[in-house]
K.L.:
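Below are the structure tokens for one structure; questions will follow.
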Amino acid sequence: MTYNFDTTYTRLNNKLYQFLNLPQIEDPHILLLNSPLIGQLGINYSDDRSPQKLLGIDSSERPFAQAYAGHQFGYFTVLGDGRAMVLGEHITPDKERFDIQLKGSGTTKYSRGGDGKATVTSMIREYLYSQALKNLNIDSSQSLAVITTGQRVMRNTVQDGAVLIRVMKSHIRFGTFEYVSKFCSSQDLKHFADYVIERHYPELTDECDRYLSFFRAVLENTIRMVVQWYRVGFIHGVMNTDNMSITGETFDYGPCSFINYYDPSKTFSSIDTYGRYSFGNQRQILRWNLSVLGITLLPLINSDADKAAFLVKKELDTFDACFDSHFLKMMKCKLGITDPGPHDQIIASILQFLKINKSDYTNTFIEIMQPGTFEDAVYQTDEFKVLREEINRQGGDLKLMVENNPQHILRNHLVEQALQEYENTGSLDKVTELLKATASPYTKNKGFSRFQIPPSYDFDNNYRTHCNT
Ligand code: AMP
Ligand code: MG
């Protein structure tokens, strides 16, 4: 068998999922294959390149779609895996457990009028971004393969369809808790929370106030995740509660992008009219999302509703201090500052400099640690030179800076060019180049210097990403 499945999710109340049959894909072809990941997961897949095996043809278990709900742009909605199925939980040789999920595999009872499919370009896009984040050392879902289906998918235009094989510790979201708390019994909620704690936070299992500890652990893990997004300039784009993993893994790469010209109010998503999910707002939205999760846990935390609310609020009140502490630590690493002092002022100054000059986020930090890399006028100004001198006086630990400041990120315009080239000619050359460059984002490599050039300001200003999938 290809996968070593031992699926536990389907032992939960059957309100939480729907069993499915394997997708009927008549003409599957592997377009992208993550061979290192196959090795890491210990998947039994030799080089025969049979897509059917990766799609679960010899699976020992029944695939299923998960039910969940979520707050989308602040409004509660009932959702579920509308176009995804979990094939099973794969156990690696090191006894780690990962969901193997097909995305774009057809309709489920949660499809709500959608076709359950995915376009090949959006799945290549997800593959690129998930690998980029992973290689930047940020916890992320991973992509095992993109497999074309030979089917056509109707969007604005007719496009080729594909399935992405997505790998995550699990696909349990804040929104799964919302679903259980709203549509299942209090006994189910307890059972579900115990399941999640045992699966993802086993160290909390024996704690007497384990649900509150669980909330605290999710708060910390997701703060860690979002602070890492700030480190590399990542905008998730659609931080709905159904896109927030309970483990702090970044996932659901829809209208995401990296920031170029620094502006905290920056949003690229075509549907994010009011900037709810802008770069700078991600912190506040995480806090909001955590409050939604906290509400679902209230009945487990204390039978006295007021007391439960008091306890959850007390945890939420630690959010700002916890975020600040992680954020300052992260920024100190970017500036190579190793001493224990806070250094708030210099951090505020560099962010102010970036904002006033709308300078390139990634390249500015490179120019601080490796002066003379770029010829931009902004780096020749006295203001920048004074700032850099001050950073060097307070920090400047080169090793630390090199480990925390990427040399190149996935630039929006390059992603678009690569997808366009694939669409127009069927060539994956540019996609492959991007995958190579983002495989070692912290390594200075002359061959990759073209990936350091931001798009024109006009391109960036007009660029819109889409959930269009
Ligand atoms: P997303 O924007 O990817 O987080 O998706 C939001 C919700 O819409 C999820 O419940 C998805 O499963 C569902 N969905 C997205 N695209 C489709 C589609 N093509 N067909 C059916 N459901 C979909
Ligand atoms: Mg989603």
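All values reported here derive from a predicted model rather than from experimental measurement. First listed ligand is number 1; within each ligand, the first listed atom is number 1.
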K.L.:
Hey, which protein N/O/S atoms does the Mg ion (ligand 2) have under 2.8 Å?
P.N.:
Asn243 OD1, Asp252 OD2
K.L.:
With under 30° as parallel and over 60° as perpendicular, where do the rings of His71 and Trp288 fit, or are they tilted in between?
P.N.:
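Ring orientation, 0 to 90° scale: perpendicular.
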K.L.:
Under 3.5 Å, is there a donor on one side chain and an acceptor on the other for Arg276 and Asn281?
P.N.:
no
K.L.:
How would you list, by chain and number, the residues with a heavy atom under 4.0 angstrom from ligand 1?
P.N.:
Tyr68, Gln72, Leu79, Gly80, Asp81, Gly82, Arg83, Ser111, Arg112, Gly114, Asp115, Gly116, Lys117, Arg155, Asp242, Asn243, Asp252, Thr469
K.L.:
When Asp81 is tested against each of Arg173, Lys103, Lys109 for salt bridge (charged side-chain N to carboxylate O under 4.0 Å, His left out), which residue passes?
P.N.:
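Filter result, single survivor: Arg173.
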K.L.:
Return the set of residues passing salt bridge (Lys or Arg N to Asp or Glu O under 4.0 Å) with Glu178 (not counting sequence neighbours), or none when no residue passes.
P.N.:
none
K.L.:
So, do Tyr68 and Tyr179 have ring centers that fall under 6.0 Å from each other?
P.N.:
no
K.L.:
For Thr7, check side chain to side chain donor-acceptor pair (under 3.5 Å) against everything at least two apart and list the hits.
P.N.:
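Here the qualifying residues are Glu61.
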K.L.:
Between Thr2 and Asp58, do the side chains contain an N or O donor and an N or O acceptor separated by less than 3.5 Å?
P.N.:
yes
K.L.:
Counting N and O atoms only, with roles assigned by atom type, does the side chain of Asn363 sit under 3.5 Å from a partner on the main chain of Gln452, one being a donor and the other an acceptor?
P.N.:
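Confirmed, Asn363 side chain pairs with Gln452 backbone.
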K.L.:
Quick one: sort the Phe183 and Phe76 rings into parallel, tilted or perpendicular, breaks at 30° and 60°.
P.N.:
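Tilted.
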